[in-house]
Visitor: 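I'd like to ask some things about the structure below.
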Amino acid sequence: IINDLEMKHQQYAQISNKISNINSAKTRFNNNIKNIDKYFSQATTTYLFTFYLQNSVPNGVQINSFSFSDNGFDIEASAFSIDSLNEFITLIRESPIVEKTSVEILNLNRNNSQTSSKNNIVLNFDIELYGKISKVDIKKRENLYKESNANGLLKKLTRFNSLKILLRS
């Protein structure tokens with residue numbers, strides 16, 4: 001009987017050790033997931049920003065330069081009419097990834113230039129904008145990826161969310 005109990009105890013110890021190793025591996029994996037979670041849940045991707053920027057540029061407006069980070073953006077643009085610039089500002093403010101109240105006009109200039117063929121004076125407006133980027137939750141990010149046809153990014157996000165759900169159970 002003692003030999004039988006010793007064998008059962010050794011089996012129990014081996015199984016208990018395997019369970020402990022699996023639990024510690026799961027904990028390490030969860031910690032790694034938490035470390036990369038911020039890349040999926042906090043930062044707004046450049047793709048989303050440029051997609052909505054591209055859709056915010058009306059006829060008559062030209063983007064001269066822009067910079068983008070997780071915190072905000074700067075845009076320099078030109079237009080031949082102030083109405084086009086007003087439309088551009090409105091569209092930027094209504095973008096789902098821009099904090100609407102944060103959009104500021106840093107600089108607005110009106111330039112006069114003459115065309116050589118008819119000596120007509122053409123007005124040209126230059127504008128510099130600054131705004132903050134909204135922090136987008138995962139569900140909204142998923143919807144924005146669908147809207148912008150970012151299928152690769154959507155697949156990554158879906159796999160990541162599935163992995164998180166799997167590890168929680």
Side-chain angles (χ1 to χ4, degrees), residues 29-168:
F29 205 69
N30 272 332
N31 288 338
N32 289 337
I33 291 291
K34 286 177 187 174
N35 289 339
I36 63 172
D37 183 62
K38 62 185 172 190
Y39 296 111
F40 287 97
S41 60
Q42 292 178 358
T44 300
T45 62
T46 305
Y47 177 85
L48 284 177
F49 177 76
T50 54
F51 175 80
Y52 286 105
L53 175 61
Q54 183 178 8
N55 289 331
S56 299
V57 179
N59 287 336
V61 174
Q62 175 183 331
I63 302 292
N64 299 328
S65 68
F66 72 92
S67 61
F68 166 78
S69 72
D70 291 341
N71 299 322
F73 62 89
D74 286 299
I75 300 173
E76 293 180 10
S78 299
F80 290 115
S81 78
I82 196 76
D83 293 334
S84 296
L85 284 180
N86 283 335
E87 183 180 0
F88 174 62
I89 294 167
T90 301
L91 291 171
I92 288 289
R93 289 186 71 221
E94 292 176 357
S95 172
I97 60 166
V98 173
E99 288 184 16
K100 294 168 184 10
T101 58
S102 72
V103 178
E104 298 177 18
I105 298 173
L106 300 178
N107 199 359
L108 177 63
N109 293 320
R110 183 177 75 178
N111 303 321
N112 296 334
S113 60
Q114 285 187 322
T115 58
S116 59
S117 62
K118 298 182 183 178
N119 290 333
N120 290 337
I121 295 178
V122 177
L123 294 177
N124 185 26
F125 296 92
D126 294 325
I127 192 167
E128 185 179 350
L129 296 175
Y130 170 79
K132 293 182 181 176
I133 300 296
S134 296
K135 302 299 180 198
V136 180
D137 65 22
I138 289 183
K139 186 65 181 164
K140 185 175 181 183
R141 180 181 306 268
E142 195 172 310
N143 292 332
L144 294 175
Y145 283 161
K146 287 177 185 175
E147 182 181 325
S148 65
N149 294 321
N151 296 326
L153 293 170
L154 181 60
K155 282 181 183 178
K156 284 182 184 178
L157 183 63
T158 304
R159 283 193 311 252
F160 181 74
N161 287 336
S162 297
L163 182 62
K164 281 177 42 178
I165 290 169
L166 182 67
L167 289 174
R168 286 188 186 140

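Predicted, not measured: the structure shown is a model, and the values here were computed from it.
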Visitor: Look up atom CD1 in Ile92 and atom CD1 in Ile97, then write down how far apart they are to the nearest 0.5 Å.
Guide: 8.5 Å
Visitor: Quick check: closest heavy atoms across Asn161 and Glu142, and the distance to 0.1 Å?
Guide: ND2-OE1, 3.9 Å
Visitor: Holding to side chain to side chain contact (heavy atoms under 4.5 Å, CB included), I want the full list of residues that pass it with Asn71, two or more places apart in sequence or in another chain.
Guide: Ser69, Lys135
Visitor: Extract all donor-acceptor atom pairs below 3.5 Å that involve side chains of residues 52-62 and protein atoms in other chains or at least two apart in sequence.
Guide:
residue: Tyr52; atom: OH; partner: Glu147; partner atom: OE2; Å: 3.1
residue: Asn55; atom: ND2; partner: Phe51; partner atom: O; Å: 3.4
residue: Ser56; atom: OG; partner: Tyr52; partner atom: O; Å: 2.6
residue: Gln62; atom: NE2; partner: Asn64; partner atom: OD1; Å: 3.4

Visitor: How many angstroms lie between atom CG of Leu108 and atom CG of Leu129, to the nearest 0.5 angstrom?
Guide: 9.5 Å
Visitor: Search all heavy atoms of Ser148 against all heavy atoms of Tyr47 and return the closest pair with its distance.
Guide: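 So the two residues come closest at O-OH, 2.7 Å.
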Visitor: Is any side-chain heavy atom of Ile127 closer than 4.5 Å to one of Ile89?
Guide: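 Ile89 vs Ile127: side chains touch.
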Visitor: Within this structure, what is the CZ-CG distance for the pair Arg110 and Leu85, rounded to the nearest 0.5 Å?
Guide: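 Arg110 atom CZ to Leu85 atom CG measures 13.0 Å (nearest 0.5 Å).
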Visitor: Residues in side-chain hydrogen bond (donor to acceptor under 3.5 Å, both in side chains) with Asp126, at least two apart?
Guide: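 In terms of side-chain hydrogen bond (donor to acceptor under 3.5 Å, both in side chains), with neighbours along the sequence ignored, Asp126 is linked to Ser78, Asn111.
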Visitor: Kindly write out the residues that satisfy side chain to side chain contact (heavy atoms under 4.5 Å, CB included) with Glu128, not counting sequence neighbours, or none if the list is empty.
Guide: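 So Glu128 forms a side chain to side chain contact (heavy atoms under 4.5 Å, CB included) with Glu76, Leu106, Asn107.
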Visitor: Could you state the interatomic distance from CG (Leu166) to CD1 (Ile33), rounded to the nearest 0.5 Å?
Guide: 10.0 Å
Visitor: Out of curiosity, Asp83 CG to Phe125 CZ, how far, rounded to the nearest 0.5 Å?
Guide: 9.0 Å
Visitor: Tell me, do Arg93 and Val98 make a side-chain contact under 4.5 Å, heavy atoms counted?
Guide: no
Visitor: OH/Tyr145 to CD1/Ile138 distance, rounded to the nearest 0.5 angstrom?
Guide: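 If we round to the nearest 0.5 Å, Tyr145:OH and Ile138:CD1 are 10.0 Å apart.
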Visitor: Is the count of non-hydrogen atoms from other residues, nucleotides or ligands lying under 6.0 Å from Phe29 atom CZ greater than 12?
Guide: no
Visitor: Got a sec, which residues hit ring-ring contact (aromatic ring centres under 6.0 Å, His included) with Phe66, two or more places apart in sequence or on another chain?
Guide: Phe49
Visitor: What residues form a side chain to side chain contact (heavy atoms under 4.5 Å, CB included) with Ser102, not counting sequence neighbours?
Guide: Glu99, Lys132
Visitor: Atom NZ of residue position Lys100 - does it have more than 12 heavy atoms of other residues, nucleotides or ligands inside 6.0 Å?
Guide: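 Correct, the count exceeds 12.
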